[in-house]
Undergrad: 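Mind looking over this structure? Questions follow.
Just so it is clear, the model here is predicted, and its values are computed rather than measured.
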Amino acid sequence: MTLELNLAPNINDPDGFYDELLGAHNGLSKEESDAFNARLILVLANHVGDRSILRAALEAAK
């Protein structure tokens, strides 16, 4: 089974998620916000799990 990175819109209520994401940063310093983002990336990368998908995501983010 070959998986592909999905770059099409795929989040239910993207505006609501964006509000939640911004809210998670409320009251954080720049350093705390950066650390939060790093932890979130690692949590989501662990959820994805597939190294080929993660590699494709790294390339897409460049």
Undergrad: Without placing hydrogens or testing angles, list every side-chain donor-acceptor pair under 3.5 Å for residues 12-21, not counting sequence neighbours.
TA:
residue: Asp13; atom: OD1; partner: Gly16; partner atom: N; Å: 3.1

Undergrad: Suppose we screen for side-chain contact (heavy atoms from CB on, under 4.5 Å). Which residues come up paired with Ala60, at least two apart in sequence or across chains?
TA: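 With sequence neighbours excluded, Ala60 shows a side-chain contact (heavy atoms from CB on, under 4.5 Å) to Leu5, Leu7, given in chain and number order.
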
Undergrad: Report the distance from atom CG of Asp50 to atom CZ of Arg55, rounding to the nearest 0.5 Å.
TA: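 If I round to the nearest 0.5 Å, the distance is 9.0 Å.
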
Undergrad: Report yes or no: do Val48 and Leu40 belong to one cluster of Ile/Leu/Val/Met/Phe/Trp/Tyr joined by side chain heavy-atom distances under 4.5 Å?
TA: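 No, Val48 does not connect to Leu40 through the hydrophobic network.
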
Undergrad: If the condition is side-chain contact (heavy atoms from CB on, under 4.5 Å), which residues does Asn10 pass it with, not counting sequence neighbours?
TA: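 Result, side-chain contact (heavy atoms from CB on, under 4.5 Å) vs Asn10: Asn6.
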
Undergrad: Supply the atom-to-atom distance Leu44 CG to Leu42 CG, rounded to the nearest 0.5 angstrom.
TA: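 Those atoms lie 9.0 Å apart.
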
Undergrad: Dump the intermediate steps for side chain to side chain contact (heavy atoms under 4.5 Å, CB included) on His25 and Leu22, then the final yes or no.
TA: CA-CA 5 Å; His25 288 267; Leu22 291 180; 5.7 Å; no

